A.B. asks: 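Structure incoming, see below.
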Amino acid sequence: MGKFYVTTPIYYVNDVPHVGHAYSTIAADVLSRFYRSLDYDVFFLTGTDEHGQKVAKAAEERGLDVQKHVDEMVVPFKELWKRLEIDSGFIRTTEKRHEIVVQAIFEKLREKGDIYPGKYEGWYCIFEETFYPESQIEEGKCPECSREVKWVSEDSYFFKTSNYIPRLHKHIEENPDFIMPKSRRNEVLSYIESGVQDVSVSRTAIKWGVKVPGDEKHVVYVWFDALINYLSGIGYHPDKKKQDPNFKKFWPADVHIIGKDILKFHAVIWPAMLMALGEDLPKMIFAHGFLTVGGEKISKSRGKVIDPNELIDKYGADAYRYFFMSQFTFGLDGEYTEETMIKRINADLANDLGNLVHRTANMMKKYYEGNVPNPKYSQSDKEGLTRDIKIQINGIPNHLKRYLKVLDFSKSLAAIWHTISLLNKYIEDMAPWQLHKEERNDELAKVMYTLADGIRAVAQFIYPFMPQTAEKIWKQIGATGDLKRFPETKPDIKDLNDWVVLKPGSNFKIAEPLFPRIEE
Ligand code: MSP
């Protein structure tokens, strides 16, 4: 099977993680679990961006040594990822393994003439860690976040970004999936068509950062340093002899998941850096939208904080993961309210999914002492509702492959939930209680088996999105196979008896409701 390498941005440790950070990270985790379940060799990398002025300033405000500050601040990130069942590699830019690579890359590009000394004069926004041309500054304010910018005039090394723009332009034109969604691709194209300047890649006014080799009054610009994590995190080194086999195996990245605000760094500067290094470009850069409250980006500085930990305390990790992946279209902005979250949890999780499992468990207990019956499907079932259910379930793996290829999480979940609705409707239509009463035992066995095996399939489908719930269901239905191996769509359905996956005789137990209803 193939390999799959997915990354998230590495997060600044000036503050604790918030819902925006969790959003990218959950998305990457879903993809990574999905591809693992398809038997891909997966590497999922997340981490923390610990250099730069913004982090140094946060440490100063706390009256702490910067190293001590970052060592403390990385903890809430790691803890949150653990609570959210994030199964990933983790890189910190203050780790030696990263700093060494940053320095080696700097040195290599300087030797090549792609990095050259000069003088930077212009405006700098500490919050965005970005240089802006005069033309974008109005009344001394950052064009992105409206904070005050600082005039910087200092010796600086520059990276010859402009050299690589024609090639990058061609690459974007020829590879429609390179920058996703389309609107972002157009944004990048018009940006580069308006002309791209070489980027300043070192600072002398600050101390906190990776030292420029051989010229230690400079530290490497935080973005140049941070982007390299995607390489250093899988064991890259510009000297091939020093590369880890993981690098060869996993590079190029299959998808860099980012927020739309950091698109230019990822879709312009980063590809230019890779071209300069002679490395392949990532296959896809996907920029998701912002989570908003009252139409405004959720961020502490705007006084809008939503603490993921609080939501997990209240609703659990899986409900959290489900809500953020199902509610919003990944490439667009999405307005968050707790009320919508509660509604979704009640409707989709407590009602649709929870009731399906609960009702089936109760009937299984009543009619079969909990032991899943052995169905004998016949030709006539081919025409009926049972067949419809099987066909629906059979189609899901291919749907999910298609949707997740373009990071359409909400459509993927909608397809799964459509199946869940059909299974619920199937209960109503087939009325097992009636079959039981009338002692139509063969029919009852088929219906009850179809339900149990349908739930088995649902558990496998939701596993990448809600791993804890999937495990719970798996245990509850007494399944013995591998939950994490994703089912394949079968080309044709000839005999429904070929579709017996969950072992007849499995013990389907009654358990606590998966998602208790929340007061609305
Ligand atoms: N350190 C840089 C990234 C370096 S990657 C080589 C950085 N860090 S960040 O912590 O400020 O932001 C990380 C990500 O969180 C960004 O992709 C940003 O878009 C995302 N979000 C921050 N607030 C957000 C929302 N309100 N909604 C969704 N995501 C947003 O930038």
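Read the numbers this way: they start at 1 and go in the same order the structure lists the ligands and their atoms. The shown structure was predicted, so the numbers you read here are calculated from the model rather than taken from an experiment. Counting begins at 1 with the first residue of the sequence.
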A.B. asks: Of the side chain and backbone of H18, name the one, both, or neither that has a heavy atom under 4.0 Å from an atom of ligand 1.
C.D. replies: side chain
A.B. asks: Are any of the N/O atoms in I10 less than 3.5 Å from those in ligand 1?
C.D. replies: yes
A.B. asks: Number the atoms of ligand 1 from 1 as they appear, then name those within less than 4.0 Å of a heavy atom of H288, with their elements.
C.D. replies: 28 (C), 29 (N)
A.B. asks: What are the atoms of ligand 1, with element, lying closer than 4.0 Å to any heavy atom of G259?
C.D. replies: 17 (O), 19 (O)
A.B. asks: Determine the sole option in F328, F515, F465, F409 for which the ring pair (Phe, Tyr, Trp, His ring centres under 6.0 Å) test with F323 is passed.
C.D. replies: F328
A.B. asks: Would R83 and E79 pass as an ion pair if we require N to O under 4.0 Å?
C.D. replies: no
A.B. asks: Which heavy atom of the protein is the closest neighbour of atom 26 (N) of ligand 1, given with residue, atom name and distance?
C.D. replies: I298 O, 3.0 Å
A.B. asks: Can any side-chain N or O of D29 pair as donor or acceptor with the backbone N or O of I86 at less than 3.5 Å?
C.D. replies: no
A.B. asks: Taking the basic N atoms (NZ, or NE/NH1/NH2) and the acidic carboxylate oxygens, is any pair closer than 4.0 Å for D254 and K405?
C.D. replies: no
A.B. asks: Using a heavy-atom cut-off of under 4.0 Å, does the side chain or the backbone of Y230 touch ligand 1, or both, or neither?
C.D. replies: side chain
A.B. asks: Quick one: which ligand 1 atoms are inside 4.0 Å of a heavy atom on I262?
C.D. replies: 16 (C), 17 (O), 31 (O)
A.B. asks: Only heavy atoms of G289, strictly under 4.0 Å: list the atoms of ligand 1 that pass.
C.D. replies: 28 (C)
A.B. asks: Give the residue and atom name of whichever protein heavy atom lies nearest to atom 9 (S) of ligand 1, and the separation in Å to one decimal.
C.D. replies: Y12 CD1, 3.7 Å
A.B. asks: Classify the angle between the aromatic ring planes of Y221 and Y124 as parallel (below 30°), tilted (30 to 60°) or perpendicular (above 60°).
C.D. replies: perpendicular
A.B. asks: What are the two closest non-hydrogen atoms of F330 and L407, and how far apart are they?
C.D. replies: CB-O, 3.5 Å
A.B. asks: Can a non-hydrogen atom of F265 be found less than 4.0 Å from any atom of ligand 1?
C.D. replies: no
A.B. asks: Salt bridge or not for E139 and K141, using N-O below 4.0 Å?
C.D. replies: no
A.B. asks: Angle between ring planes, H288 versus Y23, binned at 30° and 60°: parallel, tilted or perpendicular?
C.D. replies: perpendicular
A.B. asks: Which ligand 1 atoms does A226 reach within 4.0 Å, using its non-hydrogen atoms?
C.D. replies: 6 (C)
A.B. asks: Which atoms of ligand 1 sit under 4.0 Å from any heavy atom of Y11?
C.D. replies: 10 (O), 13 (C), 14 (C)
A.B. asks: Is there a side-chain contact between E173 and L189, using heavy atoms and a 4.5 Å cut-off?
C.D. replies: yes
A.B. asks: Relative to the heavy atoms of H266, which atoms of ligand 1 are at a distance of less than 4.0 Å?
C.D. replies: 5 (S), 6 (C)
A.B. asks: Got more than 12 heavy atoms from elsewhere within 6.0 Å of NZ, K401?
C.D. replies: yes
A.B. asks: Quick one: look at L291 and ligand 1, take heavy-atom pairs under 4.0 Å, and tell me if it's side chain, backbone, both or neither.
C.D. replies: both
A.B. asks: Counting only N and O atoms by type, is there a donor-acceptor contact under 3.5 Å from the side chain of T8 to the main-chain atoms of S24?
C.D. replies: no
A.B. asks: Is it the case that ligand 1 has an N or O less than 3.5 angstrom from some N or O of H21?
C.D. replies: yes
A.B. asks: Would you check whether A287 reaches within less than 4.0 Å of ligand 1, judged by its heavy atoms?
C.D. replies: no
A.B. asks: Checking the N or O distance criterion of under 3.5 Å, is ligand 1 in contact with D261?
C.D. replies: yes
A.B. asks: Would you mind running through ligand 1 and noting each atom that sits below 4.0 Å from a heavy atom of D49?
C.D. replies: 1 (N), 2 (C), 4 (C)
